[in-house]
Each structure stands twice: as C-alpha cells, then as structure tokens.
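One structure below.
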Amino acid sequence: LLKNPGFLFGAGLFVLTVLLAVLGPLFTKYDATTRVGLAYLPPSSEHVLGTDHMGIDMLAMLIKGLQSSLYVGFLAGIVATVVGTLIGVYGGYKGGIVDDILTASTNLFLVIPSLIVLILISSSVEEGRSLTLIALLIGGTTWTWSARAVRAQSSSLRARDHVSLARINGYSTLEIVVLHILPYLLSYIFMVFILQTATGILSEATISMLGLGPYDSVSLGKILNDARANEALTDGAWWAFMPAMVLVAVIAFSLYVINTAMEGVFNPRLRK
C-alpha cells in the first residue's frame with residue numbers, strides 16, 4: 001500500500017490539511033471571534049486572507065472552520081461505520097429471517113434521501129444545534145449503504161471453512177463475528193470509514209450552506225453560508241469563500257483518492 005502512488009498522494013494531501021488544522025493557530029495572532037478591521041479587507045501582510053463581513057481575520061476563521069469540519073467528519077464517519085458494520089456483519093452472518101428483517105429495514109432507510117431527512121431534522125432543532133449533534137445526525141442518516149456493503153462481504157465469509165469449524169467447535173455468534181469474520185473485513189471497513197468521513201464533511205458543508213449548521217461554532221460550510229448571505233461574491237471578496245471551497249474540495253478529493261487506491265490494493269478483481 002505504501003508503494004501505491006495514489007495512496008501516497010491522497011494521504012499526503014489529507015495529512016497536510018490535518019496539520020493545517022492542528023498547527024494553524026501558530027501562524028496567526030488572531031482568533032475567529034474578534035473583530036480586527038473593516039469588512040472585506042483584501043489579503044495583505046497583516047491579514048493574509050483578508051477579513052470577512054464582520055472584520056474578522058479570515059485565516060483564523062478558516063483554521064477554526066477546518067477543525068470543526070474535520071471533527072464533524074470523523075465523528076459522523078465513526079457513527080455511520082460502527083452502526084452499518086454491526087448491522088451488516090450480524091445480518092450477513094446470521095442469514096435467514098434475521099438477515100431478511102435487517103436488510104428490509106436497511107432498504108427502507110436507503111430509499112429515503114438522507115440529505116432530506118438531515119435537513120428536516122436540523123431545521124426542527126431550534127436551539128442547541130452543536131457540532132456534535134450535527135455529526136450524530138449525519139452519522140445516523142448515512143449508515144445504510146455501509147450496512148449493505150458490509151453485509152455482502154460478511155455473507156460471503158459465512159460459508160468459509162474456518163467459520164464452519166468455529167461453529168462446530170461451539171463458538172458463540174459474538175465470538176465468530178469478532179474473531180473469525182471482522183478480522184477479514186478490517187481493510188474493507190476502513191475504506192468504508194474513509195468514505196463516510198468524506199460524506200460527513202460534505203454533508204456538514206451542505207446543510208451549513210443552507211443555514212442549518214451549528215449555532216455555536218465556525219465551520220467551512222458556515223463560512224460559505226456567511227459569504228453568500230453577505231454578498232461576498234457581489235462585492236468581489238473572493239477571499240471570503242474561495243479558500244473554504246478549496247479546503248472542502250481538497251479534503252473530499254484526498255479521501256476519495258485514498259479509498260480508490262486502497263480498493264485497488266485490497267480488491268483482487270481490480271489488481272492487474
């Protein structure tokens with residue numbers, strides 16, 4: 001995997017964004033809540049990325065927004081991956097009526113557009129719409145395709161010799177799933193987590209653009225929404241929205257590149 005140029009490129013790009021989120025505060029003396037100048041000041045030596053409509057330093061806003069978006073993406077990815085993996089692995093192994101019920105339930109949630117559900121739930125929360133709540137909502141509405149994908153992999157492992165041998169030796173369902181199925185799916189589950197993280201970041205940016213983002217925090221999507229609502233494009237203040245757009249695109253692109261490279265390595269059908 002470390003010899004795959006696509007993986008190295010995507011991982012390097014993503015690591016750079018994470019380093020920017022972690023080390024970014026060292027490169028600016030301002031914070032994301034303090035007004036430091038006039039509205040929409042252009043980039044200068046004093047303000048590398050200018051200021052927003054409130055006169056807040058855009059570099060400080062961008063770093064804070066990046067931290068928030070990564071937090072939402074990671075938490076949403078964990079929730080969606082864990083829920084989808086548990087349902088998919090258990091249903092795929094058990095088969096029969098249990099699998100039919102879990103598959104039917106998953107399909108029921110799958111046909112409902114997750115973005116519409118996310119918008120409706122977010123709009124119904126009048127107060128207390130925090131980053132954590134947004135992440136939990138995203139994770140709770142995007143687990144379905146993970147469950148279907150993991151279920152297919154788990155079902156293919158159910159008839160393997162080592163699983164049959166463990167069943168004969170009296171292993172419980174939990175022991176078989178944990179010891180004899182999950183280890184074979186770890187690489188696949190990690191790829192699912194990568195895609196779910198990208199989905200979480202894009203979903204947060206989408207609902208924040210619609211004005212349904214967190215109340216108490218800055219995120220990349222909220223930066224874009226503020227720029228749209230305060231006519232940054234009309235005023236020619238490209239620095240108020242372009243860096244945030246680029247960061248969202250770079251994060252999603254790097255994660256998709258990592259996933260594609262890993263699939264090419266771990267999926268025998270794609271190997272040359």
Side-chain angles (χ1 to χ4, degrees), residues 1-4 6-11 13-15 17-18 69-95 98-99 101-103 105-107 109-110 114 135-164 166-167 171-204 251-271:
L1 186 63
L2 295 178
K3 296 180 180 179
N4 188 293
F7 176 81
L8 293 177
F9 174 74
L13 204 58
F14 183 70
V15 168
T17 60
V18 174
S69 294
L70 288 174
Y71 170 77
V72 171
F74 280 128
L75 182 55
I78 291 172
V79 171
T81 302
V82 170
V83 173
T85 297
L86 291 177
I87 294 176
V89 168
Y90 185 74
Y93 169 71
K94 291 295 288 186
V98 174
D99 185 32
I101 293 175
L102 292 177
T103 300
S105 302
T106 301
N107 291 337
F109 282 98
L110 193 63
S114 59
L136 294 177
L137 291 177
I138 293 174
T141 56
T142 58
W143 59 267
T144 50
W145 66 265
S146 298
R148 283 180 60 88
V150 174
R151 181 257 171 204
Q153 298 293 323
S154 177
S155 180
S156 67
L157 291 172
R158 182 176 57 187
R160 295 285 181 90
D161 292 340
H162 69 281
V163 175
S164 300
R167 194 182 299 113
Y171 281 76
S172 65
T173 298
L174 179 61
E175 289 174 327
I176 293 176
V177 168
V178 173
L179 300 177
H180 298 279
I181 293 182
L182 277 180
Y184 289 86
L185 298 178
L186 288 180
S187 61
Y188 191 80
I189 292 172
F190 185 66
M191 289 189 289
V192 169
F193 169 70
I194 290 174
L195 287 181
Q196 289 287 15
T197 299
T199 300
I201 292 173
L202 292 175
S203 297
E204 184 279 323
I251 295 172
F253 173 73
S254 63
L255 290 173
Y256 282 119
V257 168
I258 293 173
N259 179 79
T260 302
M262 291 184 65
E263 188 174 9
V265 172
F266 292 113
N267 190 342
R269 296 179 180 178
L270 299 180
R271 294 175 187 169

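In this text, all values refer to a predicted model and were calculated from it rather than measured experimentally.
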For this session: List the steps, then state whether side chain to side chain contact (heavy atoms under 4.5 Å, CB included) holds for Tyr93 with Arg167.
Result: CA-CA 11 Å; Tyr93 169 71; Arg167 194 182 299 113; 3.4 Å; yes
Report yes if some heavy atom in the side chain of [X] is under 4.5 Å from a heavy atom in the side chain of [Y]; otherwise report no.
X      : Y      : value
Glu263 : Thr260 : no
Val257 : Leu13  : no
Val82  : Trp143 : no

For this session: Give every residue pair that meets the salt bridge (charged side-chain N to carboxylate O under 4.0 Å, His left out) criterion with at least one member in residues 78-92, sequence neighbours excluded.
Result: none
For this session: Can you spot which of Ile78, Val83, Val79, Thr85 makes a side-chain contact (heavy atoms from CB on, under 4.5 Å) with Thr81?
Result: Thr85
Separation of [Y] [atom2] from [X] [atom1] (nearest 0.5 Å):
X      : Y      : atom1 : atom2 : value
Thr197 : Leu202 : OG1   : CG    : 11.0 Å
Leu102 : Asn107 : CG    : CG    : 11.0 Å
Met191 : Leu195 : CE    : CG    : 8.5 Å
Met262 : Phe190 : CE    : CZ    : 5.5 Å
Tyr90  : Leu174 : OH    : CG    : 10.0 Å
Glu175 : His180 : CD    : NE2   : 8.0 Å

Minimal non-hydrogen separation, [X] against [Y], with atom names:
X      : Y      : answer
Thr106 : Thr144 : CG2-O, 3.4 Å
Gln196 : Thr142 : NE2-O, 2.8 Å
Gly73  : Ile201 : CA-CG1, 3.7 Å
Gly84  : Val150 : O-CB, 4.5 Å
Leu137 : Thr141 : O-OG1, 2.9 Å
Gly92  : Ser154 : C-OG, 3.7 Å

Exercise. Above 12 or not: heavy atoms from other molecules or residues under 6.0 Å from CZ of Arg148?
Worked result: no
Exercise. Hey, is OH on Tyr256 packed in by over 12 heavy atoms from elsewhere, all under 6.0 Å?
Worked result: yes
Problem set entry | Ser155 (side chain) donor-acceptor with Arg151 (main chain) under 3.5 angstrom | no
Exercise. Taking only residues two or more places apart in sequence or in another chain, which ones pass side-chain contact (heavy atoms from CB on, under 4.5 Å) with Phe14?
Worked result: Thr17, Val18, Leu70, Phe74, Ile251, Ser254, Leu255, Ile258
